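Just below is one structure, and these are the notes that go with it.
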Amino acid sequence: MTEAPPGLLVTRDVSVSFGGFRAVDRVSLSIKEGSITGLIGPNGAGKSTLFNAIVGEQACDSGAIRFDGRGIGGLSPDAIYHHGLARTFQIPKPFAAMSVFENLMLAAPDQPGERFWVPVVARRSIDRRERQIAERAHEILAFTTLDGVADEAAGQLSGGQQKLLELARVLMSTPKMIMLDEPAAGVNPTLTRVLIEKIEQLNAEGCTFLIIEHDMDLVMRHCHSIIAMSNGRIIYEGDAAGAQSNETLLDAYLGATADA
Ligand code: ADP
Ligand code: MG
């Protein structure tokens, strides 16, 4: 018998507490390489905190996290980004005063110009590398339909364009997997369609996605599998059809609405 392949991203018993409050409670999940997985659940379920824990922005109380065959628990967010795991934020965090193009240049994982002192002989190869990064930035701007606003200050973009910019920035690292935190929230239907089309296109090229999203239509239609959280725990794992008829999940949403 052959064993099921381990997931690209695997967490085992990950917990995160704020003071005495456990926001993420022993979460174990496995994300299949090449999939689009939806992470759903009422507000306050712990979804964003789980994202933060996975990418090293939030310390875990306990648990193990593996990505692409190696343990990433305890690594810095930068190191994890370099390993090919990228995330976007629920609230976009661009460098508002910088241009859209500059925001992409800064997101390149290996910026040779970062070092202060470089031998003169190395300068030429650095210039070449910078040109390559600029070329890639232009390609990604065209791909994400942001080429028309490349020179505008990122802070001047609409909410929807800022969400696309978040995606564009992480693409600079050519990630193996992208975690998106509510990519369609507050985005108009036209830009949402663009966003979904880009996600599908990247997925067809092999990029794995884990997407926190409240738009059930989007989740049901575009996610291959679904994980639901409530009160820090996973309460459902399976397909979209099963999620729609799952009583525990329904109760979690109704409970959250009643609490609100
Ligand atoms: P979701 O993304 O599912 O809406 P979050 O992960 O943002 O949920 O939050 C989960 C719980 O943890 C919430 O009760 C929230 O108030 C709490 N929480 C999140 N971040 C912090 C923090 N930095 N300090 C204290 N409590 C937090
Ligand atoms: Mg959240």
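Owing to the predicted nature of the structure, the values given are computational and were not obtained by experimental measurement. Ligands are counted one by one from 1 in listed order, and the atoms in each one are counted from 1 as well.
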message: Evaluate Phe51 against Gln90 for side-chain contact (heavy atoms from CB on, under 4.5 Å), listing each step before the verdict.
response: CA-CA 10 Å; Phe51 266 29; Gln90 187 169 347; over 6 Å; no
- prompt: Should Thr37 and Ile211 be marked as a side-chain contact (heavy atoms from CB on, under 4.5 Å) after you check the CA-CA gap, both sets of side-chain angles, and the distance that decides it?
  reply: CA-CA 6 Å; Thr37 303; Ile211 307 177; over 6 Å; no
- request: Verify side chain to side chain donor-acceptor pair (under 3.5 Å) between Ser99 and Asp151, making sure each step is shown before the conclusion.
  value: CA-CA 5 Å; Ser99 75; Asp151 297 325; 5.2 Å; no
message: With side-chain contact (heavy atoms from CB on, under 4.5 Å) as the criterion, how do Asp25 and Ser17 come out once you've worked through the C-alpha distance, each side chain's angles and the decisive distance to 0.1 Å?
response: CA-CA 8 Å; Asp25 193 6; Ser17 300; over 6 Å; no
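At least one N/O-N/O distance between Gly46 and ligand 1 falls below 3.5 Å.
Closest to atom 26 (N) of ligand 1 among all protein heavy atoms lies Phe18 CD1, 3.3 Å. For atom 7 (O) of ligand 1, the closest heavy atom belonging to the protein is Ser48 CB, 3.8 Å. Considering only non-hydrogen protein atoms, atom 17 (C) of ligand 1 sits nearest to Phe21 CE2, 4.0 Å. The protein heavy-atom contact nearest to atom 10 (C) of ligand 1 is Gly44 O, 3.4 Å.
Under the 4.5 Å side-chain contact rule for hydrophobic residues, Val170 and Leu165 share a cluster.
Counting the atoms of ligand 1 from 1 in the order shown, those under 4.0 Å from a heavy atom of Ala23 are 11 (C), 12 (O). Every atom of ligand 1 with a heavy atom of Ala45 under 4.0 Å away is listed here by number and element: 1 (P), 3 (O), 8 (O). Residue Thr49 approaches ligand 1 through these ligand atoms, each under 4.0 Å from one of its heavy atoms: 5 (P), 6 (O), 9 (O), 10 (C), 19 (C).
When all heavy atoms are compared, the tightest approach of Phe209 to Asn203 is CE1-N, 3.9 Å.
Between Arg169 and Glu166, at least one side-chain N (NZ, or NE/NH1/NH2) sits under 4.0 Å from a carboxylate O, which counts as a salt bridge. Under 4.0 Å is where a charged nitrogen must lie from a carboxylate oxygen, and between Arg131 and Asp127 no such pair does. A salt bridge links Glu57 to Arg87: one of the charged nitrogens lies within less than 4.0 Å of a carboxylate oxygen.
Distance check on atom 15 (C) of ligand 1: every protein heavy atom falls at or beyond the 4.0 Å cut-off. In this structure, atom 23 (N) of ligand 1 has protein heavy atoms in its sub-4.0 angstrom surroundings.
With a 4.5 Å cut-off on side-chain heavy atoms, Leu8 and Thr208 count as touching.
Neighbouring protein atoms of the Mg ion (ligand 2) (N, O or S, distance under 2.8 Å, waters ignored): Ser48 OG, Gln90 OE1.
The 12-atom threshold is not exceeded at CZ of Arg12, counting heavy atoms of other residues, nucleotides or ligands nearer than 6.0 Å.
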